[in-house]
Colleague: 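Below you will find the structure I want to go over with you.
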Amino acid sequence: DAGITQSPRHKVTETGTPVTLRCHQTENHRYMYWYRQDPGHGLRLIHYSYGVKDTDKGEVSDGYSVSRSKTEDFLLTLESATSSQTSVYFCAISESGFNTGELFFGEGSRLTVL
Amino acid sequence: GIQVEQSPPDLILQEGANSTLRCNFSDSVNNLQWFHQNPWGQLINLFYIPSGTKQNGRLSATTVATERYSLLYISSSQTTDSGVYFCAVRSGGSYIPTFGRGTSLIVHP
């Protein structure tokens, strides 16, 4: 199994509070991704990273920011959580971005915004 | 961008039955994976199969890249096969995997 750890695994917070989800990998893979999964929408890409300090937006990036200061850590921040950000968040990693290399997922983080 | 369509969207089987899940994509790909999301939400890698055929126990997969489709075969299904099966592709030097909407499988005992 790929060494990917997401934390926290479960979080309940209130509207307007900041939230940070952490993805930690031990594989030294270059590419990291944050997805959210909601019923009826499948997996949607929030942000991704193609190296330390190199990040870009996905299809649902509004309201989210990311940072990657080390190869092993990719942080997803909700500056001011809203109820629409209640979701399950998955981190994924890939050794190679271009056409080759498997994608591996973390266990997911369930976030509830009240 | 590339489009990925999975069929059928839903499938209900009795234990022991066989099934075929399909993934069609709209452009050439150099990377294709099948995932199983179990009822507990874990996303499990099944196959990395940009072309050709692979088998792993009761599961096998075939990708015909020139015809832009991939098939996942499940034989002698078990209740533990229940969940959602996703196909994901990458093409054209893209960093970004594109996922299908998935096939939801329920296997009854």
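In what follows, chains carry the letters A, B, and so on, assigned in the order in which the sequence lines appear, proteins first and then strands, with residues in each chain numbered from 1.
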Colleague: Would a distance-only check, ignoring hydrogens and angles, find a side-chain to backbone donor-acceptor pair under 3.5 Å from Q33(B) to E102(A)?
Modeller: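 No; judged by distance alone, with no hydrogens or angles, the pair does not exist.
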Colleague: Going from CD1 on I96(B) to OH on Y48(A), what distance comes out if it is rounded to the nearest 0.5 angstrom?
Modeller: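 Reported to 0.5 Å precision, the distance equals 4.0 Å.
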Colleague: State yes or no: do L75(A) and Y64(A) share one hydrophobic cluster built from I, L, V, M, F, W and Y residues joined by side-chain heavy-atom distances below 4.5 Å, directly or via other members?
Modeller: no
Colleague: More than 12 foreign heavy atoms under 6.0 Å from CZ of R110(A): is that the case here?
Modeller: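 Not buried by this count: 12 neighbours or fewer within 6.0 Å.
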Colleague: Please check if Y73(B) and V107(B) belong to a single hydrophobic cluster, counting links between Ile, Leu, Val, Met, Phe, Trp and Tyr side chain heavy atoms closer than 4.5 Å.
Modeller: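 No, Y73(B) does not connect to V107(B) through the hydrophobic network.
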Colleague: Could you see if W34(B) belongs to whatever hydrophobic cluster contains Y69(B)? Use Ile, Leu, Val, Met, Phe, Trp, Tyr and a side-chain cutoff under 4.5 Å.
Modeller: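 The answer is no; the residues belong to distinct hydrophobic clusters.
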Colleague: Could you tell me the separation between the CG atom of L43(B) and the OH atom of Y35(A), rounded to the nearest 0.5 Å?
Modeller: 10.5 Å
Colleague: Closest approach of G41(B) and F90(A), non-hydrogen atoms and distance?
Modeller: O-CZ, 3.3 Å
Colleague: Inspect the surroundings of CD in E5(B) and state if more than 12 heavy atoms from other residues, nucleotides or ligands are less than 6.0 Å away.
Modeller: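 At most 12 heavy atoms, drawn from other residues, nucleotides or ligands, come within 6.0 Å of this atom.
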Colleague: As an exercise: rank L43(A), L103(A), D56(A) by heavy-atom pairs under 4.5 Å with chain B and give me the winner.
Modeller: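 Top option by heavy-atom pairs under 4.5 Å: L103(A).
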Colleague: Which atom pair, heavy atoms only, marks the closest approach of G42(A) to R101(B)?
Modeller: N-NE, 4.4 Å
